[in-house]
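I have placed the structure first, in the form of structure tokens, so that the comments after it can refer back to it.
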Amino acid sequence: MTTARSTPNIAFIKYWGNRNDGLRLPMAPSLSMTLDRPTVEITVEEADAFAVRSFLVDGSEKTLKEKDTDRFRKVLSLMQRYIATLNAAAGIRESQLQENVSITVRSHIPPAIGLASSAAVFSCLAKAIAGFIQDKKKLTNTQASVLARLGSGSAARSIFGGFSTLEEGNGMELGSSWSVQIADEHHWLLHDIVIIPAMEEKKVGSTEGHALASTSPFYVERVRSIRTHRQRECIEAIRNKDFEALQCVTEEDCLDMHHVMETSTPPLHYLNDETRRIVNAIKELRTKQHIPVLFTMDAGPTVHLVCPEEGKNAVLSFAHAQKGCTIFETKVGPGAILLA
Ligand code: PMV
């Protein structure tokens, strides 16, 4: 029996679109900061039959939909296939991970908060599976990031603490794309003050969304920009702790991703009027008071305000002044860990 803990991440260069949807092989590289909370814990143990159980913040059991259980089963089957390519098959029974494990998920992520729970869940599952097989095959964190990617592309980045990329990689193999740490969680203290304007579930999940990316006439240019300069600019900004450079490239990339989403067929509108109002208000505050802060949004209306320590108090009071919004405070964190 093994238990792991992990957390979501917030992307500065967004992952949107795959070259292979089934294997979640990304079309372009991406980059994020791993957060220190909220946490997810997953226990993997041997069992007579495959089972997944999920518990909420208050300890009550969440009834899983068939499609959720199926996703776990499919991901475990891909994980098993990848592990087999590492010459570990001898020690691990064929289809053991699909048929003879029980998985218990304990999530501290408030539902529909707009924080990527799939990134936390699948990085956690990957770390727990790595722990579960470690007597037979010890996986590196890079290999664990491949396992995580098979569940959710962005999950690969939460394996590492601090700041990490999801590399585009080459080829169409299960292991053709993985995560790389740029700097650990002690490198740069950045906070993420999360403003949640609406607590409604998003309509189109990212798995379906990725498949639409290439229908936007602006997608080719997006991929080209990330490959040729944006990803590099973002890495340099982080290495040099250059907040202004990080702000420019992150906001440019976020708005570009939403432009692609809104111009795909069918169009995906994740931002709402409240999101736009908050973004305009923070831009105004930044100009007037010279506060170091950047905004970014994933596949939902939630606004992430990322700032260094010196901007924190001003950003927090701004956030708490937004009527009808839920506020969640988090910061750079250590990534997925094995607990037992
Ligand atoms: O990992 P997925 O398939 O849930 O995709 C995540 C997509 C975004 O959150 C919109 C961007 C990102 O890089 O996290």
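Atoms within a ligand are numbered from 1 in the order they appear, just like the ligands themselves.
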Query raised in the report: Quick check: does any side chain N or O of R19 sit under 3.5 Å from a backbone N or O of P26, one acting as donor and the other as acceptor?
Result: yes

Requested in this report: State whether the side chain of T275 and the backbone N or O of P301 hold a donor-acceptor pair below 3.5 Å, judged by distance alone.
Outcome: yes

Report task. Any atoms of ligand 1 less than 4.0 Å from a non-hydrogen atom of A299? List them with their elements. Result -> 10 (C)

Report task. Check ligand 1 against A11 and write out every atom of the ligand that is under 4.0 Å from a heavy-atom position of the residue. Result -> 12 (C), 13 (O), 14 (O)

Query - Sequence neighbours excluded - salt bridge (charged side-chain N to carboxylate O under 4.0 Å, His left out) pairs with any residue from residues 156-171 - result: E168-R227

Report all side-chain donor-acceptor pairs from residues 333-340 shorter than 3.5 Å, counting only partners two or more places apart or in another chain.
none

Query - D192 side chain to H304 side chain, donor-acceptor N/O pair below 3.5 angstrom - result: yes

Query - Ligand-side contact atoms (ligand 1) for residue partner K14, heavy atom cut-off under 4.0 Å - result: 13 (O)

Report task. First locate atom CZ of F12, then atom OG1 of T296, and finally report the distance between them rounded to the nearest 0.5 Å. Result -> 8.0 Å

Query - Under-4.0 Å heavy-atom contact with ligand 1, by part of R157 that carries it - result: side chain

Query - Contact atoms of ligand 1, heavy-atom distance to S118 under 4.0 Å - result: 4 (O)

Query raised in the report: Any donor-acceptor pair under 3.5 Å linking the side chain of T215 with the backbone of S264?
Result: no

Query raised in the report: For ligand 1, which atoms have a heavy atom of S152 less than 4.0 angstrom away?
Result: 1 (O), 2 (P), 4 (O)

Query - Polar proximity ligand 1 side, T207 side, N/O cut 3.5 Å exclusive - result: no

Report task. Would you mind running through ligand 1 and noting each atom that sits below 4.0 Å from a heavy atom of G153? Result -> 1 (O)

Query - Selected option - heavy-atom contact closest to atom 3 (O) of ligand 1, from R149, E208, H210 - result: H210

Query raised in the report: Heavy-atom contacts under 4.0 Å between S30 and ligand 1: side chain, backbone, both, or neither?
Result: neither

